[in-house]
Amino acid sequence: MADSSPANSVPLENIVAVGCTPLGDSPSAKNLADELGLTWLGLVKPKLVRDFPVLLIMDDQGLALQLTGKAAPGPVKAEFVTGKMGYRREHGGGTGQLVARAVGLHKTKSGLHVLDATAGLGQDAFVLAGLGCTVTLFERNPVIHALLADGLARAALNAACAPVVQRMNLQTGNSVDWLREAGSDVADVVYLDPMFPHRDKSALVKKEMQVFRQVVGDDDDSEQLLEAALSAARYRVVVKRPRKAPAVNGPKPATQIDGKSSRYDIYSLKALPS
């Protein structure tokens, strides 16, 4: 997913407020609201909230993003232990997974350092770390960053996930600026998954996408991000796109890997080590 709010977005404090359920950690949630500069609502029921379209809410299972209103879908979390990611960790298909092939894990036995510049909920980064990569993650949207940090902290307490999380290093700040200042060869592979400016209603089916559209919007600097990534990666840059979307403006990818709904554009700089 994307790593920023677009430059022309509505300020987060007008979109997101922080609340807590009766079984959640209210002091921690209040501290988070203060850190992010967001309104603290105290104990709330999301479907009764009308003043904010999105809640960052703490319940007994951790931190979640929740659309408000009567017809709102369920909460969205950065979840690695159970659910889809838990199943994928155990039955994901190893280096045959599309993201693993795009990064090049089927071609090299070396443990790659991957820099995920648009971490979102960290799902692709977790898959790559589970396959032996060291992954540096950047997520510049502060609300999504908080969600991801909470998910990684909870996963670190699980015996099966802890070794994977140890290979993941979540950073703060803007990845474009960091890549521009870091110089060349800062990571073996730079991985990008910018938010594509969908206009099709079908793009809003998943609840994750609905809430991300509210909080993150579209990435307006994908071209600059690709340029910075190409100057910083050692072996390749990988850009995840919707399958029928155009490539990011800039150099043409050397090759592509197509999936059912997504596509990976691969910009090869030099051969991976065998």
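Everything quoted here is computed from the prediction, not taken from an experiment.
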field: For the student: nearest non-hydrogen atoms of Leu65 and Leu147, plus distance
entry: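 Taking Leu65 first and Leu147 second, the nearest heavy atoms are N-CD1, 3.8 Å.
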
Donor-acceptor check, side chain of [X] to backbone of [Y], threshold 3.5 angstrom: yes or no?
{"X": "Thr118", "Y": "Asp193", "result": "yes"}
{"X": "Arg263", "Y": "Arg243", "result": "yes"}
{"X": "Arg101", "Y": "His106", "result": "no"}

- Task: Only pairs at least two apart or in different chains count here, so list each side-chain hydrogen bond (donor to acceptor under 3.5 Å, both in side chains) that has a residue in residues 181-192.
- Result: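 Qualifying pairs: Asp124-Tyr191, Asp188-Arg234.
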
- request: Could you note down all residue pairs passing side-chain hydrogen bond (donor to acceptor under 3.5 Å, both in side chains) where residues 43-61 supplies at least one of them, sequence neighbours left out?
  value: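 side-chain hydrogen bond (donor to acceptor under 3.5 Å, both in side chains) check on residues 43-61 returns Asp59-Lys77.
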
Item to check | Qualifying salt bridge (charged side-chain N to carboxylate O under 4.0 Å, His left out) pairs with a residue from residues 13-31, counting only residues at least two apart or across chains | outcome: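 For residues 13-31, and leaving out neighbouring residues, the salt bridge (charged side-chain N to carboxylate O under 4.0 Å, His left out) pairs sorted by first residue read Lys30-Asp34.
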
What residues, two or more places apart in sequence or in another chain, satisfy side chain to side chain contact (heavy atoms under 4.5 Å, CB included) together with [X]?
{"X": "Ala102", "value": "Val238, Ile257, Tyr264, Ile266"}
{"X": "Ala155", "value": "Phe80, Val81, Cys161, Val165"}
{"X": "Ala160", "value": "Arg89, Asn158"}
{"X": "Asn31", "value": "none"}

What pairs with [X] under side-chain hydrogen bond (donor to acceptor under 3.5 Å, both in side chains), at least two apart in sequence or on another chain?
{"X": "Gln171", "value": "Asn169"}
{"X": "His113", "value": "Thr136"}
{"X": "Gln166", "value": "none"}

* Kindly compute the distance separating OG1 (Thr39) from CD1 (Ile15), expressed to the nearest 0.5 Å. =>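 Here the rounded value is 12.0 Å.
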
- Can you list every ring pair (Phe, Tyr, Trp, His ring centres under 6.0 Å) pair that touches residues 140-168, not counting sequence neighbours?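 Listed once each, the pairs would be none.
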
message: Applying salt bridge (Lys or Arg N to Asp or Glu O under 4.0 Å), can you list everything that pairs with Arg154, at least two apart in sequence or on another chain?
response: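 Salt bridge (Lys or Arg N to Asp or Glu O under 4.0 Å) check on Arg154 returns Glu79, Asp150.
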
